[in-house]
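Inspection log for the structure reproduced underneath, given as structure tokens.
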Amino acid sequence: MLTEIWVPLLGGLVLLILGGDFLVRGAVQVAERLGVSPLVIGLTLVGFGTSMPELVTSVRAALSGAPGIAYGNIVGSNIANILLIVGASALVTPVVVARAALRRDAAVMLVVAAAFAALALVVPFGPLVGGGFVLALVAYIWLTIQQERRGAPTGALHDKEVALGAVDPALEPGGRHPAIWTALALALGGLVAILLGGGLLVDGAVTLARTFGISETVIGLTIVAIGTSMPELVTSLVAALRRQGDVAFGNIVGSNIYNILGIGGATALIAPGTVPVEIARFDALVMLGVTLLLVLVAATGLKVDRREGGVLLAGYGIYLFALWP
């Protein structure tokens with residue numbers, strides 16, 4: 001029985017992480033070969049590519065009749081990003097906050113978290129909500145591209161690209177790249193791995209929940225959410241170790257915006273359903289609360305220091321204790 005649970009869970013996570021890396025590498029290399037500007041690549045392909053593991057996992061879970069895993073993954077990932085990853089990064093080095101990232105991107109993160117929490121309480125997540133989220137993401141990316149074309153790239157989506165480039169030099173603009181067919185094969189192979197990994201992860205999570213009588217929602221909010229957030233944890237910690245605290249902050253803000261608008265929107269469009277009541281009445285509100293907390297902490301002194309990082313980590317421990325049976 002343990003084999004039926006942990007092999008799919010761990011195997012799925014490995015495939016998701018490796019597949020996401022291959023997909024982003026291949027897609028970036030193809031785009032550069034085709035002459036797409038580095039700015040557009042960074043704000044679109046990198047952001048969407050790194051969110052593919054969460055997207056496939058949430059859509060697969062929703063289609064499999066496990067909305068607790070689908071929406072638990074989205075909400076739990078955002079909570080983990082703030083409390084666990086920003087907290088851990090701040091313990092390594094204070095997370096510096098750029099004014100541009102705070103004024104535009106952190107404000108957008110707070111607004112979309114509030115929109116998700118409010119809508120989850122009152123309406124099903126179907127084509128109307130999903131389409132609205134996706135259109136909002138497109139508008140946000142378009143606005144960001146227009147603003148950053150007029151000056152030096154700044155903000156959350158740029159920081160997300162920088163953080164990934166620090167971990168994987170193959171993602172840095174202007175690097176040496178293989179032939180376009182090799183890059184295409186790498187991207188397609190990554191996509192296949194993500195699709196397989198998402199299926200395995202969801203199957204293992206559902207089996208775990210049913211075997212031990214644990215709510216699928218709790219599994220989605222914890223094991224699945226933390227697992228699919230591992231790339232953000234690695235990139236943010238690497239940025240912190242390199243004393244790039246501002247990049248660590250932007251990486252998380254960008255990820256949280258993509259999670260709600262991109263993954264939440266696509267999940268609602270492809271597999272319409274209702275956000276589980278326990279998530280709508282508790283966890284989505286926790287997500288909104290910790291998002292507001294991060295914005296307030298970041299606005300005071302434009303940084304998250306080590307003491308505040310410790311408070312965030314302790315908060316995540318309390319949240320897990322409140323969830324786990």
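Note that this is a predicted model, so its numbers are computed, not measured.
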Under 3.5 Å, side-chain donor or acceptor atoms of residues 301-311 against the rest of the protein: list the pairs with distances, not counting sequence neighbours.
unit_1, atom_1, unit_2, atom_2, d
D305, OD1, R307, N, 3.2
D305, OD1, E308, N, 2.8
R306, NE, L91, O, 3.1
R306, NH2, V92, O, 3.0
E308, OE1, D305, N, 2.9

Under the side chain to side chain contact (heavy atoms under 4.5 Å, CB included) rule, what do V86 and F249 come out as? Steps first, then yes or no, please.
CA-CA 7 Å; V86 174; F249 179 81; 5.5 Å; no
Going hydrophobic residue to hydrophobic residue with side-chain gaps under 4.5 angstrom, can you get from L63 over to I279?
yes
Treating Ile, Leu, Val, Met, Phe, Trp and Tyr as nodes and any side-chain heavy-atom pair under 4.5 angstrom as an edge, say whether F22 and L191 lie in one connected cluster.
no
Go through the steps for L313 and L83 under the test side chain to side chain contact (heavy atoms under 4.5 Å, CB included), then give the verdict.
CA-CA 5 Å; L313 274 177; L83 296 181; over 6 Å; no
Let me check something: any side-chain donor-acceptor pairs from residues 281-297 under 3.5 Å, sequence neighbours excluded? List them with distances.
unit_1, atom_1, unit_2, atom_2, d
D283, OD1, Y319, OH, 2.8
T291, OG1, M287, O, 2.6

side-chain hydrogen bond (donor to acceptor under 3.5 Å, both in side chains): pairs with one or both residues in residues 191-202, sequence neighbours excluded
none
Where A113 and I260 come nearest, the two heavy atoms and their spacing:
CA-CD1, 3.6 Å
Ring pair (Phe, Tyr, Trp, His ring centres under 6.0 Å) against F133, all qualifying residues, sequence neighbours excluded:
F125
Restricting to non-hydrogen atoms, name the atom on G72 and the atom on A225 that form the minimum distance, rounded to 0.1 Å.
O-CB, 4.1 Å
Can you sort out the partners of A187 under side chain to side chain contact (heavy atoms under 4.5 Å, CB included), two or more places apart, ordered by chain and number?
L23
Considering only Ile, Leu, Val, Met, Phe, Trp and Tyr, and joining two whenever side-chain heavy atoms are under 4.5 Å apart, list the other residues clustered with L188.
none
Residues in side chain to side chain contact (heavy atoms under 4.5 Å, CB included) with L135, at least two apart?
none
Under 4.5 Å side-chain linkage, directly or through intermediates, the cluster mates of L200
L15, V192, L196
Nearest non-hydrogen partners of G227 and I17, listed with the distance:
O-CD1, 4.5 Å
Hydrophobic clustering (ILVMFWY, side-chain heavy atoms < 4.5 Å, transitive) - are I263 and L128 grouped together?
no
Starting from V14, can I reach W6 by hopping between I/L/V/M/F/W/Y residues whose side chains sit under 4.5 Å apart?
no
Looking only at heavy atoms, what is the nearest atom pair of A62 and T267, with distance?
CB-CG2, 3.9 Å
Kindly write out the residues that satisfy side chain to side chain contact (heavy atoms under 4.5 Å, CB included) with A136, not counting sequence neighbours, or none if the list is empty.
L261
Distance-minimising heavy-atom pair for A280 and A120
CB-O, 3.5 Å
Joint cluster assignment, V123 & V75, ILVMFWY side-chain distance < 4.5 Å:
yes
Smallest heavy-atom separation, G126 atom then P272 atom, equals CA-CB, 3.9 Å
Apply side chain to side chain donor-acceptor pair (under 3.5 Å) to Y316 and list each qualifying residue two or more places apart in sequence or on a separate chain.
none
Mind checking whether L16 and M52 have side chains closer than 4.5 Å, heavy atoms only?
no
Checking S58 now: which residues fulfil side chain to side chain donor-acceptor pair (under 3.5 Å) with it, not counting sequence neighbours?
N73
With a 3.5 Å cut-off and sequence neighbours excluded, list the donor-acceptor pairs that the side chains of residues 216-223 form with protein atoms.
unit_1, atom_1, unit_2, atom_2, d
T217, OG1, E278, OE2, 2.9
T222, OG1, V218, O, 2.6

